[in-house]
Amino acid sequence: MDYNQCNYEEQYLEKPEMKPVTNLEEPVSLKEWIITLLLLMIPVVNIVLMFVFAFNKDEKKSKSNFFKAYLIFTGVALAIYLIFFIFIFGIIFAMSAAL
């Protein structure tokens with residue numbers, strides 16, 4: 001084997017350096033999820049907490065990403081409901097105006 005080929009393989013086949021796991025990259029524990037879900041059952045607090053968990057810099061990444069996705073999903077669902085109700089009320093209004 002040629003020296004240059006061996007050096008090439010060593011250079012590009014090195015293992016990437018492992019970054020130390022920070023507290024924000026640790027998985028969310030079962031206890032934290034249960035507490036979070038119990039807090040989300042409170043009617044007005046749940047909306048505020050979704051934004052707090054999604055955009056707080058001190059929140060764990062997995063939890064933050066989950067709530068960002070949850071907010072997007074909730075926004076899309078709200079838009080679909082809004083379009084549906086505008087459509088239904090438009091039909092009802094048009095029918096009542098025709099009488």
Side-chain angles (χ1 to χ4, degrees):
M1 188 180 302
D2 188 68
Y3 173 75
N4 289 335
Q5 184 180 6
C6 183
N7 191 15
Y8 175 80
E9 289 176 358
E10 288 176 6
Q11 181 181 2
Y12 290 102
L13 296 178
E14 290 179 4
K15 295 180 182 177
E17 293 181 22
M18 299 291 291
K19 295 180 182 177
V21 177
T22 63
N23 190 26
L24 298 179
E25 294 177 353
E26 290 180 2
V28 182
S29 68
L30 179 63
K31 179 182 171 184
E32 280 185 81
W33 276 120
I34 290 173
I35 292 170
T36 301
L37 293 175
L38 287 174
L39 288 173
L40 289 176
M41 290 181 187
I42 304 171
V44 175
V45 175
N46 60 2
I47 297 170
V48 175
L49 283 180
M50 280 194 293
F51 285 98
V52 170
F53 290 145
F55 301 111
N56 189 0
K57 300 289 185 196
D58 297 330
E59 202 62 51
K60 293 184 179 180
K61 283 186 176 184
S62 60
K63 193 173 187 180
S64 178
N65 287 337
F66 172 79
F67 279 101
K68 286 176 187 174
Y70 195 74
L71 283 171
I72 291 169
F73 183 77
T74 303
V76 169
L78 185 64
I80 291 171
Y81 283 135
L82 187 64
I83 291 169
F84 177 75
F85 282 118
I86 288 173
F87 181 72
I88 295 297
F89 284 123
I91 290 174
I92 292 171
F93 181 72
M95 288 175 55
S96 66
L99 295 177

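- Listed by first then second residue, pairs satisfying side chain to side chain donor-acceptor pair (under 3.5 Å) with a partner in residues 45-58 number zero, not counting sequence neighbours.
- The side chain to side chain donor-acceptor pair (under 3.5 Å) contacts involving residues 89-99 comprise nothing, where partners must be two or more places apart or lie in separate chains.
- Transitive grouping of hydrophobic side chains (ILVMFWY, heavy atoms separated by less than 4.5 Å) brings I42 and I35 into a common cluster.
- Atoms CD1 and CG, on I34 and L30 in that order, are 4.0 Å from each other to the nearest 0.5 Å.
- Applying the salt bridge (Lys or Arg N to Asp or Glu O under 4.0 Å) test to residues at least two apart or on different chains, none of the pairs has a partner in residues 38-47.
- Note on residues 27-42: pairs passing salt bridge (Lys or Arg N to Asp or Glu O under 4.0 Å), not counting sequence neighbours, are E32-K60.
- F66 pairs by the ring-ring contact (aromatic ring centres under 6.0 Å, His included) definition with W33, Y70, not counting sequence neighbours.
- Applying the salt bridge (charged side-chain N to carboxylate O under 4.0 Å, His left out) criterion to K61, with sequence neighbours excluded, gives E25.
- With sequence neighbours excluded, the residues forming a side-chain hydrogen bond (donor to acceptor under 3.5 Å, both in side chains) with T36 are K63, listed by chain and number.
- Among residues two or more places apart in sequence or in another chain, the side chain to side chain contact (heavy atoms under 4.5 Å, CB included) test is passed with L71 by M50, F51, A54, F55.
- With sequence neighbours excluded, the residues forming a side chain to side chain contact (heavy atoms under 4.5 Å, CB included) with I88 are F84, I92, listed by chain and number.
- Evaluation of the side chain to side chain contact (heavy atoms under 4.5 Å, CB included) rule for L37 yields L40 as partners, not counting sequence neighbours.
- Taken together through direct or relayed side-chain contacts under 4.5 Å among Ile, Leu, Val, Met, Phe, Trp and Tyr, V52 and V45 form parts of separate hydrophobic clusters.
- Residues L39 and M41 do not share a hydrophobic cluster, defined by chaining ILVMFWY side chains whose heavy atoms lie under 4.5 Å apart.
- Connectivity analysis of hydrophobic side chains (ILVMFWY, heavy atoms under 4.5 Å, direct or indirect) links L82 to I86.
- Among pairs with a residue in residues 68-82, none fulfils salt bridge (Lys or Arg N to Asp or Glu O under 4.0 Å), at least two apart in sequence or across chains.
- Criterion: ILVMFWY side-chain heavy atoms under 4.5 Å apart, direct or through other members. Under it, M95 and F85 are part of a common hydrophobic cluster.
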